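From a predicted model like this one, the values you see are computed outputs, not experimental measurements. In what follows, every chain begins at residue 1, and chains take the letters A, B, ... in the order their sequences are listed.
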2 protein chains.
Amino acid sequence: MGHNGLREPLRQLAASCSLPAALEAMGERWSFLILRGSFNGLCHFEEFQSELGIARNILANRLARLVDHGILARQTCDDDRRKVEYRLTEKGFALLPTMVALRQWGERWETGMPATPVLVDARDHRRIAPVQVMSHDGRILGKHDLLWSLPENVVGETVEQAAE
Amino acid sequence: MGHNGLREPLRQLAASCSLPAALEAMGERWSFLILRGSFNGLCHFEEFQSELGIARNILANRLARLVDHGILARQTCDDDRRKVEYRLTEKGFALLPTMVALRQWGERWETGMPATPVLVDARDHRRIAPVQVMSHDGRILGKHDLLWSLPENVVGETVEQAAE
DNA sequence: AACATTAAGTTGCGAAACGCTACTTATCTC
DNA sequence: GAGATAAGTAGCGTTTCGCAACTTAATGTT
């Protein structure tokens, strides 16, 4: 229940940049692994607990936080009202590119091998492509094709369009 | 210096999935923000400290960890040997898609506005596209186009190719 | 109805990590 | 040499983490 700690430094930064805001929701120790569980179809407390080996109180706290942030939705089962289902919301599902990018980085630079299970295109059962940074018209952008710019110097589209 | 805490649960999981391995390197509280600083050109201890408002001992610890993991490279300046430069390695730079994806998620679902500074295509100064999960041939894949699969059922390419 | 089982937490407490402030060390400037 | 600067380190109180045991409510069993 109780609103956990304040952590002012991150909140202050969050005003000017969205990364701290994102980390406020997802930055804690088990959040990404719980999310991965959700993407893989886990939805009950005990499933997460036994799959991840996380302490029960921490799991309860993380699930509550993810629900507070609208990343998971909590609903008690109709057929067995002891059980609770935690399911990804649209907002939670929108973290897929982030999670895949992080996983792919781990495969390439840490473990050196593909993670299990593998994410594939349902149509042809081929692995998805590496997640990359691309230009508005689909060119892959590398280290020297990128620039950090103030919003007022950006060409070509409004903020509204950019958000979509 | 001293090897910080053990945290066994994550390490055990890391054997079978690369996400825990990635989080082992990047999962701590300030790691992503330090990385963001690096991407934005910060490279000295005092720059990170004043920009992020992070405690000095924690900053020292995180920088050392990132160096240990090969994400940042530490080098003392030649012209002023009091100063130390922390620069992104290739491995560190490879976290760009992850960081951009997380930032974009925060823009869309948390702050509701573009983060500053904005990442643009150097060629035309237009904002980069949203980072997305795509098929091997460049189609954008949504919720219902994806499948989790065991590696042995994957079609079309070897592990070697997939890693690149 | 009585009793055991299951699911989802909660509580207590020791260990680890975090964060603040002050201190140290090496280097550079004057 | 005196002072300033850069990059840490040390001490110490607060918060979070993690383990194990306990609670609560719904369900199954006899």
Side-chain angles (χ1 to χ4, degrees), chain A residues 1-13 20 23-24 26-34 37-38 42-68 72-87, chain B residues 1-13 20 23-24 26-34 37-38 42-68 72-87:
Chain A
M1 300 291 172
H3 247 222
N4 24 16
L6 292 183
R7 319 235 231 121
E8 283 309 325
L10 276 191
R11 302 218 172 202
Q12 284 166 12
L13 283 170
L23 291 169
E24 183 68 32
M26 289 300 304
E28 279 164 310
R29 188 147 155 52
W30 288 95
S31 302
F32 263 103
L33 290 171
I34 291 171
S38 286
L42 305 186
C43 71
H44 299 298
F45 188 96
E46 306 289 339
E47 284 176 338
F48 287 109
Q49 204 282 318
S50 66
E51 183 81 11
L52 301 177
I54 180 175
R56 302 179 69 84
N57 55 344
I58 306 298
L59 176 58
N61 178 283
R62 285 310 114 86
L63 287 171
R65 271 180 74 81
L66 291 172
V67 169
D68 285 349
L72 296 180
R74 192 196 119 111
Q75 194 180 9
T76 55
C77 279
D78 276 343
D79 57 323
D80 183 344
R81 283 203 303 282
R82 288 173 303 182
K83 291 189 181 180
V84 172
E85 284 185 357
Y86 292 95
R87 297 209 173 278
Chain B
M1 304 289 171
H3 247 223
N4 25 15
L6 291 182
R7 321 234 232 121
E8 284 308 326
L10 276 190
R11 303 216 173 203
Q12 284 167 11
L13 283 171
L23 290 169
E24 183 69 33
M26 288 300 304
E28 278 161 311
R29 189 150 156 48
W30 288 96
S31 302
F32 263 103
L33 290 171
I34 291 171
S38 287
L42 305 185
C43 70
H44 299 298
F45 187 96
E46 306 289 338
E47 286 177 336
F48 287 109
Q49 203 284 317
S50 66
E51 183 83 9
L52 301 178
I54 180 175
R56 303 179 69 83
N57 55 345
I58 306 298
L59 176 58
N61 178 283
R62 285 311 114 85
L63 287 171
R65 269 180 76 80
L66 291 172
V67 170
D68 283 349
L72 296 180
R74 193 197 118 111
Q75 193 179 9
T76 55
C77 280
D78 276 343
D79 57 323
D80 182 346
R81 283 205 301 283
R82 288 173 301 182
K83 291 189 182 179
V84 172
E85 285 185 356
Y86 291 95
R87 298 208 173 278

| task | Using salt bridge (Lys or Arg N to Asp or Glu O under 4.0 Å) as the criterion, list what pairs up with R74(B), not counting sequence neighbours. | result | none
| field | Results of salt bridge (Lys or Arg N to Asp or Glu O under 4.0 Å) for E85(B) - residues two or more places apart only | value | R87(B)
| said: Suppose we screen for side-chain contact (heavy atoms from CB on, under 4.5 Å). Which residues come up paired with L42(B), at least two apart in sequence or across chains? | reply: E47(B), F48(B), E51(B)
| query | Can you tell me how far P of dA8(C) sits from CD of E51(A), to the nearest Å? | reply | 15 Å
| task | Using whole Å, report how far CD of E24(A) lies from P of dT16(D). | result | 11 Å
| said: Expressed as a whole number of angstroms, how long is the span from N61(A):CG to dT16(D):P? | reply: 9 Å
| Partner residues of I58(A) under the side-chain contact (heavy atoms from CB on, under 4.5 Å) criterion, sequence neighbours left out | W30(A), I54(A), A55(A), R62(A)
| field | d(CD1, I58(A); C1', dG12(C)) in whole Å | value | 13 Å
| Side chains of H44(A) and C77(A): closer than 4.5 Å at any heavy-atom pair? | yes
| query | Which distance, rounded to the nearest 0.5 Å, do you find between the OG of S38(A) and the CG of L33(A)? | reply | 11.0 Å
| request: Would you kindly give the CD-to-C1' distance between E85(B) and dG8(D), to the nearest whole Å? | output: 17 Å
| request: Ignoring the backbone of E28(A), work out which of dA7(C), dG19(C), dC17(D) is nearest its side chain. | output: dC17(D)
| Rounded to the Å, how far apart are I54(B) CD1 and dA17(C) P? | 15 Å
| request: In whole angstrom, give the distance that lies between atom CD of Q49(B) and atom P of dG19(C). | output: 12 Å
| request: Return the value, rounded to whole Å, for the distance between atom CG of L59(A) and atom C1' of dT16(D). | output: 16 Å
| E46(B): partners by side-chain hydrogen bond (donor to acceptor under 3.5 Å, both in side chains), with sequence neighbours left out | R56(B)
| Are W30(B) and dG19(C) close enough that a side-chain N or O sits under 4.0 Å from OP1 or OP2? | yes
| said: For dA7(D) and R74(B) - does any side-chain N or O of the residue sit under 4.0 Å from the phosphate oxygens OP1/OP2? | reply: no
| said: So, OP1 or OP2 of dA7(C): does either fall under 4.0 Å of a side-chain N or O from Y86(A)? | reply: no
| message | Measuring to OP1 and OP2 of dG8(D), would you say a side-chain N or O of R62(B) lies under 4.0 angstrom away? | response | no
| said: For nucleotides 21-30 of chain C, give me one character per nucleotide, 5' to 3': B if any protein heavy atom sits under 4.0 Å from the base, S if the only such contacts are to the sugar-phosphate, - if neither. | reply: -B----BS--
| task | Assign F48(A) to base, sugar-phosphate, or nothing according to its heavy-atom contacts below 4.0 angstrom with the strands shown. | result | nothing
